[in-house]
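First the structure, in the form of structure tokens, and then the observations on it.
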There are 2 protein chains.
Amino acid sequence: MAITIIDVAKEANVSPATVSRVIADNPRISEQTKRKVREVMERLEYHPNFQARNLAAKSTKTVGVIMSNSTSLAFQNPFFPEVIRGICTSAHASKYGIYLSTGGSEEEIYQEVVSMVQGRKVDGIILLYSRVNDRTMAFLKDAKFPFTMVGRPYKYEDEITYIDNDNQKIAHDVVEYLFNLGHRQIAFIGGNLEFVVSKDRLEGYQQALIDTGLFYSDAYFIHDEAIKATGNKSIKELMQLEVPPTAIVAHDDLVAYEIIRYLEELSIQVPKDISIVSFNNHSLSAYVKPPLTSVDISIFELGFQSANFLLEKIIDPKAPVKHHFVPTTLIERDSCGNIKMVGE
Amino acid sequence: MAITIIDVAKEANVSPATVSRVIADNPRISEQTKRKVREVMERLEYHPNFQARNLAAKSTKTVGVIMSNSTSLAFQNPFFPEVIRGICTSAHASKYGIYLSTGGSEEEIYQEVVSMVQGRKVDGIILLYSRVNDRTMAFLKDAKFPFTMVGRPYKYEDEITYIDNDNQKIAHDVVEYLFNLGHRQIAFIGGNLEFVVSKDRLEGYQQALIDTGLFYSDAYFIHDEAIKATGNKSIKELMQLEVPPTAIVAHDDLVAYEIIRYLEELSIQVPKDISIVSFNNHSLSAYVKPPLTSVDISIFELGFQSANFLLEKIIDPKAPVKHHFVPTTLIERDSCGNIKMVGE
DNA sequence: CTGAAAGCGCTTACAG
DNA sequence: CTGAAAGCGCTTACAG
């Protein structure tokens, strides 16, 4: 069997309680005893049993990370490693571990979260998404279990600690950016509206249209699911409109490149014939043609802060609710053209 | 406090032992008792305490996943979500959870793995990489702890269960592919040679050169770190060689696109002036210009099988050592040109 | 088919 | 500054 605290205690001629206190670096133990015990621990290659420790101490020193089922969020993929890196950086600094949810369907995720919290598998949870009317979130909130969201919650915004970009604002900004380039017909390829991020960006887009007094048509708004489903058909329809757009805002770089390819099939070139701006700034977008103008959303920071906030909540359950918008940067590259306006 | 097995036992008028057996669906318990106990569990919203259960049962029902520190493996990023998805799919089916390593440096990773196994934090470990002379792997092997690798081990290949692509072969194949297109000067942009995957692909490349009797020069082999470090300088030097290559094999799509951009800066066009093939087949590579010819390495499958193998080992520690090469597919797109050979 | 009891390996008031 | 003892919430031979 593995070495236990008892073995160490015997070898060091102290009680198990003392060994336990040395592990915790309890200040009431004399330096001399600590040295002695530590020497023995090292010599016997003792490592505390994680489960026993957690059971007795009623804490797990791990945080649960829940991702939405991967199929539903297009930008999940490149997003994921970077948030995780942010979370790990914060968690690791506080000696916390990461427990990853493995569920497939939404129902499975819900069940997993329930058993994570009821079974005391983790001390807190990070939701890597914000979904409209999310059961999982509601459960966490009702259970008063420490949790944090990457994404603005759909409801109860004042009661939930979260971190996000100001998605309404960045969508607004991006439209203004195109406006200042002279564009007056701006279409929007949005994400799945079950996610708040998609709703927020759409709203920012619509508000910007109103604020700048631009032309709006329902035909100017397309879901990326439509594109996934029908291929270039929806893009074709968009471009065959009586008043086709001169610019497109896409909700993710991956989607942007898909669109660009479909445009090419229609012999429409970016940025010569149409401009395109996107969000999320994937690492590839600098290298690929055309280099994409995209909003960098500081994914690492999103993950890092979500974990920081969670750790605060775990340590002090009465910590006040916090929100924070992580700053973004519009990275200008070569996918947008300036339209010379005649007579303006 | 949370509901415990004792509460359920009282409520159902049985002993805690019986409740425990119902949870485990022990066949020796009568259906009638099971029904009664289950009804109570549901009513009280009982969920077994994970830590207590693990401590008593001496198993954790979780697998540890160790990634190399993210900075060092260029292709880690897009690779990562997909392996994880594969691992989760397998683990979830067996009701195992995922514990993710959070370490930064190699030393930290090593320490974390040691405490994971000594502290019985996980039942088994998946190493998401194979590194030359890896201390972590050596430790796992010596500890006789169940583990599995994604990547051929550098040493002790016969004693370690792993899953991989046949990287030597696919590199070999890719060179032959270019050869058959008429290319006779083929350069190789390889990855970090601390990783076996990079070594294997380099070896396959070199062997193919020998087998086809092609020209080889040390100047034809570049590390992607050199490119990261010096930007287009190393590509420039490559193309200014007396005999410049007509084709390049790149060890990853991301690197390929970087190279393509540098080539463009030199007014060298793909595939017109030079061909390029790559490995890993990122999701973007179909959409971006030029669409890249790349070897799909079935990342999901790699993750899935690594977890399957591990689970086998956990269940039966004497399970025989297994290796498996996951099949790959060369996805032909538009980054390779046919060279018309004069007089051949 | 079910229960009483010991035990998993720790932590933590309590006492001194 | 340190120890004896109870307890964390389960599981699992053992006995019947």
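Lettering of chains follows the sequences in order, A, B, ..., and the numbering in each one begins at 1.
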[N] OP1/OP2 closer than 4.0 Å to side-chain N/O of [X]:
X       : N      : result
A:Ser30 : D:dC1  : no
B:Thr33 : C:dT2  : yes
A:Lys58 : D:dG7  : no
A:Arg53 : C:dG9  : no
B:Thr18 : C:dT2  : no
B:Ser20 : D:dT11 : yes
B:Thr4  : D:dG9  : no

Legend entry - Carboxylate-amine/guanidinium proximity below 4.0 Å for A:Glu82 and A:Arg85: yes
Legend entry - Members of residues 36-46 of chain A that approach DNA chain D, where some heavy atom sits under 4.0 Å away: none
Taking [atom1] from [X] and [atom2] from [N], how many angstroms apart are they, rounded to a whole number?
X        : N      : atom1 : atom2 : answer
A:Gln118 : D:dG9  : CD    : P     : 14 Å
B:Glu31  : C:dT2  : CD    : C1'   : 15 Å
B:Asn26  : D:dT12 : CG    : P     : 9 Å
A:Leu55  : D:dC10 : CG    : P     : 9 Å
A:Lys61  : C:dC10 : NZ    : P     : 17 Å
A:Lys10  : D:dG3  : NZ    : C1'   : 16 Å
B:Ile6   : D:dG7  : CD1   : C1'   : 11 Å
B:Asn13  : C:dG3  : CG    : C1'   : 13 Å

Inset, instruction - Please tell me which of the listed nucleotides, C:dG3, C:dT12, D:dT11, lies nearest to the side chain of B:Ile23? - result: D:dT11
Legend entry - Nearest-nucleotide pick for B:Ala56, side chain only, options being C:dC8, C:dT11, C:dG3: C:dC8
Inset, instruction - Among residues two or more places apart or on two chains, list those pairs meeting salt bridge (charged side-chain N to carboxylate O under 4.0 Å, His left out) that have a residue in residues 7-16 of chain A. - result: A:Glu11-A:Arg43
Legend entry - Qualifying salt bridge (charged side-chain N to carboxylate O under 4.0 Å, His left out) pairs, either residue in residues 302-322 of chain B, two or more places apart: B:Glu312-B:Lys322
Inset, instruction - Taking the side chain as every heavy atom from C-beta outward, state whether B:Ile160 and B:Phe147 have any pair of such atoms under 4.5 Å apart. - result: yes
Inset, instruction - Have a look at A:Val19 and say if it touches a base, only the backbone sugar-phosphate, or nothing, with a 4.0 Å heavy-atom cut-off. - result: nothing
Legend entry - Selection residues 143-155 of chain A - residue pairs positive for side chain to side chain donor-acceptor pair (under 3.5 Å), sequence neighbours left out: A:Asn133-A:Lys155, A:Arg152-A:Glu157, A:Arg152-A:Asp200
Inset, instruction - Scan for side chain to side chain donor-acceptor pair (under 3.5 Å) pairs involving residues 114-125 of chain A, sequence neighbours excluded, and state none if there are none. - result: A:Thr60-A:Asp123
Could you list the residues that satisfy salt bridge (charged side-chain N to carboxylate O under 4.0 Å, His left out) with [X], not counting sequence neighbours?
X        : answer
B:Glu45  : none
A:Asp25  : A:Lys34, A:Arg38
A:Glu107 : A:Arg135
A:Glu42  : none

Legend entry - Closest-nucleotide ordering on DNA chain C, the 5'-leading residue of B:Pro16 and A:Ile5: B:Pro16
Would you list the protein and nucleotides 13-16 of chain C atom pairs, both N or O, that sit under 3.5 Å from each other?
| from | atom 1 | to | atom 2 | distance (Å) |
| --- | --- | --- | --- | --- |
| C:dA13 | N6 | A:Arg21 | NH2 | 2.5 |

Would you measure the distance from the [atom1] atom in [N] across to the matching atom in [M] and give it in whole Å?
N      : M      : atom1 : value
C:dG16 : C:dT12 : C1'   : 16 Å
C:dC10 : C:dC14 : P     : 24 Å
D:dA5  : D:dC1  : P     : 24 Å

Legend entry - ring-ring contact (aromatic ring centres under 6.0 Å, His included) partners of A:His324, counting only residues at least two apart: none
Inset, instruction - Anything below 3.5 Å on both distances counts as a pair; with that, list the stems of at least three consecutive Watson-Crick or G-U pairs involving DNA chain C. - result: C:1-3 with D:14-16, C:5-12 with D:5-12, C:14-16 with D:1-3
Legend entry - Mutual orientation of the aromatic rings belonging to B:Tyr162 and B:His323 [parallel < 30°, tilted 30-60°, perpendicular > 60°]: parallel
Legend entry - Reported OG-to-CG distance for the pair A:Ser94 and A:Asn308, which is rounded to 0.5 angstrom: 7.5 Å
